[in-house]
Number of protein chains: 2
Amino acid sequence: MSLRHGLLGLLAEGPASGYDLARRFEDLLGAIWPAKHPQIYGELIRLAGAGHIAAAAEGPRRRKEYRITDTGRAELHRWLVEAPVDHSVRLEPLLRSLFFWTISPEELTDHLDREAAHWRETAARYRCHAAAADQDDGPRARAARVTAEAGVRLYEALADWAEWAKQAPPGR
Amino acid sequence: MSLRHGLLGLLAEGPASGYDLARRFEDLLGAIWPAKHPQIYGELIRLAGAGHIAAAAEGPRRRKEYRITDTGRAELHRWLVEAPVDHSVRLEPLLRSLFFWTISPEELTDHLDREAAHWRETAARYRCHAAAADQDDGPRARAARVTAEAGVRLYEALADWAEWAKQAPPGR
DNA sequence: GAGCGCATGTAAAGGGTTACATGATTCT
DNA sequence: AGAATCATGTAACCCTTTACATGCGCTC
């Protein structure tokens with residue numbers, strides 16, 4: 001249930017509408033913490049009910065802008081320093097790898113080629129994010145830089161793994 | 001919805017009961033694809049309904065053993081070579097890192113120390129899995145070895161990242 | 001005025017966890 | 001006899017996605 005705090009964190013950067021937040025989740029967070037608009041709108045209503053955020057202005061196309069409140073900021077801080085970190089991951093590609101012994105060497109090589117290419121591309125996207133964050137500085141950009149670095153390292157590691165797995169193939 | 005195929009894959013190794021499968025998900029797959037027993041029992045019933053598995057024997061403590069059927073094996077193969085891979089991850093620690101700019105340098109250092117230690121330990125656990133897989137060979141052990149290698153590389157990458165993040169701190 | 005993108009929502013269904021409940025066997 | 005472990009299941013709830021629905025404002 002980190003979406004709640006993800007929204008709070010984004011709103012700590014400045015006021016935004018549900019639509020804005022959905023777009024930011026799409027391109028900035030899509031690979032790390034996916035969230036679609038129905039969930040975001042629902043969570044915003046609950047956050048407002050809890051007093052963590054407040055509707056600020058009503059814009060042109062019935063656009064509702066939210067801003068974070070002081071109790072919201074406090075809750076964000078509490079989450080970051082006190083709440084236990086959820087270290088669970090869910091990686092379908094690794095689950096699949098356990099069953100590589102059931103497919104033929106040709107099918108496996110094919111699969112690993114496509115996987116490596118995919119991870120490599122994703123790593124490249126994070127390299128772009130990193131470069132963009134390097135442009136401007138200020139605390140927020142530096143935090144974004146740290147996140148982007150994680151993306152680069154993670155996806156490069158997976159790409160390297162897929163390449164390595166071709167060397168040591170568990171043929172059927 | 002890969003739990004279905006995860007169970008199918010484990011059953012491709014040999015017959016097992018829901019209890020067995022829950023235990024294997026706990027220690028072998030816990031960090032990669034968590035699944036609790038209620039979900040597993042439910043999915044087994046659905047898999048049996050689809051004809052992908054069949055109840056084999058009724059053991060001592062009303063233990064129900066399932067085995068994979070030919071259509072189940074075909075479905076597993078179809079999934080592995082045809083079904084699009086789900087590359088999404090959901091990493092709370094990376095989501096948190098985006099908001100590091102809201103906490104103090106001391107709080108951040110503390111946090112990153114604990115994170116690095118955690119990832120390092122997890123990597124060590126996967127090194128054990130890898131060593132164990134190296135002991136015996138055969139196709140299944142080699143596939144397990146490949147999965148373990150992914151764990152090692154992934155968690156080492158995250159540990160390295162946490163260490164690196166301390167060097168380049170995005171203080172508030 | 002037609003069509004597109006902005007903007008917000010609801011409903012239904014699926015996936016997953018937690019808590020509860022129970023029975024059978026083995027060990028001490 | 002009592003405790004621990006094996007073994008299966010149900011009910012309720014939460015999180016998330018997909019599909020459906022609608023209205024406003026801008027551009028051509």
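Numbered from 1 within each chain, the chains take letters A, B, ... in sequence-line order.
Taking every side-chain heavy atom of A:Leu3 into account, D:dT16 is the closest of D:dA7, D:dT16, C:dA7. Of the candidate nucleotides D:dT16, C:dC6, D:dT17, C:dC6 has the atom lying nearest to any side-chain atom of A:Arg23. Ranking D:dC15, C:dG15, D:dA7 by closeness to the A:Met1 side chain, first place goes to D:dC15. Among D:dT17, C:dG15, D:dT16, the nucleotide with an atom closest to any side-chain atom of B:Gln39 is C:dG15. Among C:dT17, C:dG15, D:dT16, the nucleotide with an atom closest to any side-chain atom of B:Pro38 is C:dT17.
Judged purely by distance below 3.5 Å, without hydrogens or angles, the side chains of B:Glu107 and B:Ser104 pair a donor atom with an acceptor atom. In this structure, a donor-acceptor pair under 3.5 Å is present between the side chains of A:Glu92 and B:Ser2.
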- Apply the test side-chain contact (heavy atoms from CB on, under 4.5 Å) to residues B:Asp20 and B:Arg63: give CA-CA distance (whole Å), side-chain angles for both, the deciding distance (0.1 Å), then the verdict. CA-CA 10 Å; B:Asp20 296 339; B:Arg63 168 196 168 91; 2.6 Å; yes

Between protein and nucleic acid, restricted to nucleotides 21-25 of chain C and to nitrogen or oxygen atoms under 3.5 Å apart, what atom pairs and distances do you find?
{"from": "C:dT25", "atom 1": "OP1", "to": "B:Pro60", "atom 2": "O", "distance (Å)": "3.3"}
{"from": "C:dT25", "atom 1": "O4'", "to": "B:Arg61", "atom 2": "NE", "distance (Å)": "3.3"}
{"from": "C:dT25", "atom 1": "O2", "to": "B:Arg61", "atom 2": "NH2", "distance (Å)": "3.0"}

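Atom C1' of nucleotide C:dG16 and atom CG of A:Leu95 are separated by 15 Å, given to the nearest angstrom. Atom CG in B:Leu47 sits about 12 Å away from atom P in C:dG15, given to the nearest Å. Protein atom CG of B:Leu21 is 15 Å distant from nucleotide atom P of D:dC6, rounded to whole Å. Put simply, CZ on A:Arg90 is 7 Å from C1' on C:dG16, counting in whole angstrom units. Rounded to a whole Å, the CG atom of A:Asp86 is 12 Å from the C1' atom of C:dT17. For the pair B:Tyr41 OH and D:dA11 P, the interatomic distance rounds to 17 Å; values are reported in whole Å. Regarding B:Arg63, its CZ atom lies at a distance of 16 Å from the C1' atom of D:dG9, rounded to whole Å. As rounded to whole Å, 11 Å separates atom P of D:dT16 from atom CG of A:Leu7.
Across all strands shown, B:Arg4 has no heavy atoms under 4.0 Å from either base or sugar-phosphate atoms. No contact: B:Ala22 has no heavy atom under 4.0 Å from any strand.
Geometrically, B:Arg114 does not engage B:Trp119 in a cation-pi contact, judged by NZ or CZ lying under 6.0 Å from the ring centre and within 45° of the ring axis.
How far CZ of A:Phe99 is from CZ of B:Arg140: 12.0 Å, rounded to the nearest 0.5 Å.
Within the 6.0 Å centre-distance limit, the rings of A:Phe100 and A:His111 are counted as a close aromatic pair.
Between the side chain of A:Glu43 and the backbone N or O of A:Arg4 there is no donor-acceptor pair closer than 3.5 Å.
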